[in-house]
2 protein chains.
Amino acid sequence: MKRPVSIKDIGRIVGVSHSTVSRALRQSPVVNAQTAERICQVAREQGYRASLIGRSLVMRRSMTVGCVVTDIADPFVGGVVDGIEKVANQHGYAVFLASSHADPKRELEVVRSFHERRVDGVIVPSSRVGFQYLRHLSALQIPIVLLNNQHPGAYTRSVNIDNLEAGRRLTVHLLELGHRRVAYIGSRHGNQSDADRLSGYRSVIEEAGLPFINDLVVHTDPTPPGGH
Amino acid sequence: MKRPVSIKDIGRIVGVSHSTVSRALRQSPVVNAQTAERICQVAREQGYRASLIGRSLVMRRSMTVGCVVTDIADPFVGGVVDGIEKVANQHGYAVFLASSHADPKRELEVVRSFHERRVDGVIVPSSRVGFQYLRHLSALQIPIVLLNNQHPGAYTRSVNIDNLEAGRRLTVHLLELGHRRVAYIGSRHGNQSDADRLSGYRSVIEEAGLPFINDLVVHTDPTPPGGH
DNA sequence: CTGAAAGCGCTTACAG
DNA sequence: CTGAAAGCGCTTACAG
């Protein structure tokens, strides 16, 4: 790969300093309109693209986020990553993707790699998070956001599904359709999200003046076949 | 995020120039053993991690590869990406993941983003590649590798599945198991990979002295239900 | 309006 | 063995 054209190159061509080129390219209103025009013109001709790595150094932000997953091939994770990438991109960020396969050693390497690359933040879209991340990343003071997980810490946030409200809405929907005997099928692992959904369901049932029937509540494998 | 500790910081602490620190950390044999020891010690205490962005600038390589997919949530793609990430990581590379959703405009943005970030190469793990990539990337002389796709070009390579050999081995396996009536179910889209697999199948059947029976060859939807 | 300077964090010849 | 210098590609006060 040949050396990409730099701000200096185009300054040389146009006959101005690289400072001026930089200003022009960043649309600084201070530079003379005609000069700016010439500069942009040449930049275009030369296929100039600012080096984010040069820029990152002075700006002290890399415009990247790191994303660690346990397994990329997991379709749920895939969906989340897809969303992350889309939004990141819309805001000028790129995303580093790494997978840990739940291996603590890998987790450590990933954190290290992200740190060395000076990511502006990391996102962990899996509910099972090694505490590794949290410890290491907060020591580095890198902002971190988790999915469906709450952990205290100055630099860590978590975005969660509102399972209670979801349980309510699902139930309301069915009642509005005219159904009167609505069953609840939940996960037998009995985690918090299940409890929340169930109480959403229950509260709507009761508010509607319907009997809460225990036999209509089943806990089973949290898989599609499990629902049968 | 507070400023990470730099080579200068630790130079200041140890009382040597940052050049010496750099040398010591890179295990240069030229620096005095004891000084080196002190430097590494302090670096460890301070949680020093070299900035790859600083290093990239001088080294002229970013130690990153870009990976563009059409859809991250696609499980096949997920598996490939997982492998890419693993190997990249083993070699000190990080991977930027972007998805184009087969939108030419997005494709262009992705190429631009990768270029600005000065990726050392890009990998496109999907057989359907917008020619966009190829054009743009080869103009930039960024090495690109495709999956199951062959396109000429100085900077582009493609890694392919050897479908013919795969068809042969599958068939040999079944014959070795003692089967004599082996059917072939292929894709009705009749692409190259199907043709290759089929001829692998056929050649083994014939080499075994078995009759090639046309009714044993079916072309259908290339999906699991399609196989029924 | 524009250039020279300094600096972001690193590496590496070049002189001591 | 070590430091000062130059330079990677950029940005942005500071003087003109």
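Note that these values count all heavy atoms, side chains included, but never hydrogens, waters or copies made by symmetry. Protein chains get the first letters and strands the later ones, always in sequence-line order, with residue 1 at the start of each.
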May I ask you to test the [X]-[Y] pair for a side-chain heavy-atom distance under 4.5 Å?
X	Y	answer
A:E85	A:L97	no
A:P125	A:C67	yes
A:S203	A:R168	yes
B:T220	B:I185	yes
B:V21	B:V14	no

Run the salt bridge (Lys or Arg N to Asp or Glu O under 4.0 Å) test against A:R197 and tell me which residues pass, sequence neighbours left out.
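Here no residue qualifies.
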
Working to the nearest 0.5 angstrom, can you tell me the gap between A:I13 CD1 and A:R38 CZ?
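Those atoms lie 11.5 Å apart.
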
Would you compute the distance between atom CE of A:M63 and atom CG of A:L52 and round it to the nearest 0.5 angstrom?
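So the CE of A:M63 and the CG of A:L52 are separated by 7.5 Å.
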
For DNA chain C, stems built from three or more consecutive Watson-Crick or G-U wobble pairs below 3.5 Å:
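Result, WC/G-U stems under 3.5 Å: C:1-3 with D:14-16, C:5-12 with D:5-12, C:14-16 with D:1-3.
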
Could you list the protein-to-nucleotides 13-16 of chain C atom pairs, N/O on both sides, closer than 3.5 Å?
from   : atom 1 : to    : atom 2 : distance (Å)
C:dA13 : N6     : B:R23 : NH2    : 2.5

Whole angstroms only, please: what is the [atom1]-[atom2] distance between [X] and [N]?
X	N	atom1	atom2	answer
A:E116	C:dG9	CD	P	15 Å
A:L57	D:dT11	CG	P	12 Å
A:I10	C:dG3	CD1	P	13 Å
A:R61	D:dC10	CZ	P	18 Å
B:R117	D:dG9	CZ	C1'	15 Å
B:I7	D:dT2	CD1	P	15 Å
A:R60	D:dC10	CZ	P	19 Å

With a 4.0 Å limit, can you tell me whether [X] has a side-chain N or O closer than that to the phosphate oxygens OP1/OP2 of [N]?
X	N	value
B:R118	D:dC8	no
B:K8	C:dC8	yes
A:R26	D:dT12	yes
B:S17	D:dT2	no
B:S22	C:dC10	no

On the side chain of B:H18, is there an atom forming a donor-acceptor pair with the base of D:dT2 - under 3.5 Å, no angle test?
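Under the 3.5 Å cut-off, the side chain and the base do not form any donor-acceptor pair.
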
Under a 4.0 Å threshold between the charged nitrogen and the carboxylate oxygen, would B:R112 count as salt-bridged to B:E116?
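No, this pair does not count.
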
Counting only heavy atoms not in A:Q90 (residues, nucleotides, ligands), do more than 12 fall under 6.0 Å from its CD?
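Counting other residues, nucleotides and ligands, CD of A:Q90 exceeds 12 neighbours.
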
Give the C-alpha distance, both sets of side-chain angles, the deciding distance and a yes or no for side chain to side chain donor-acceptor pair (under 3.5 Å) between B:S62 and B:R117.
CA-CA 8 Å; B:S62 60; B:R117 295 193 145 82; over 6 Å; no

Pick one: which of A:V87, A:V65, A:I84 meets side chain to side chain contact (heavy atoms under 4.5 Å, CB included) with A:Y93?
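Testing each of A:V87, A:V65, A:I84 against A:Y93, the sole residue satisfying side chain to side chain contact (heavy atoms under 4.5 Å, CB included) is A:V65.
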
For DNA chain D, find the residues of residues 27-40 of chain A with a heavy-atom distance under 4.0 Å and give them by number; none if there aren't any.
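Going residue by residue through residues 27-40 of chain A, none turns out to have a heavy atom under 4.0 Å of DNA chain D.
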
Can you sort out which residues in residues 48-55 of chain A have a heavy atom within less than 4.0 Å of DNA chain D? Ascending by number, please.
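A:Y48, A:A50, A:S51, A:G54, A:R55 - these, ordered by number, are the residues of the stretch whose heavy atoms sit under 4.0 Å from the strand.
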
Is there a side chain to side chain donor-acceptor pair (under 3.5 Å) between A:S22 and A:S19? Walk through the geometry before answering.
CA-CA 5 Å; A:S22 173; A:S19 320; over 6 Å; no

Which residues share a ring pair (Phe, Tyr, Trp, His ring centres under 6.0 Å) with A:F114, sequence neighbours left out
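A:F114: no ring pair (Phe, Tyr, Trp, His ring centres under 6.0 Å) contacts found.
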
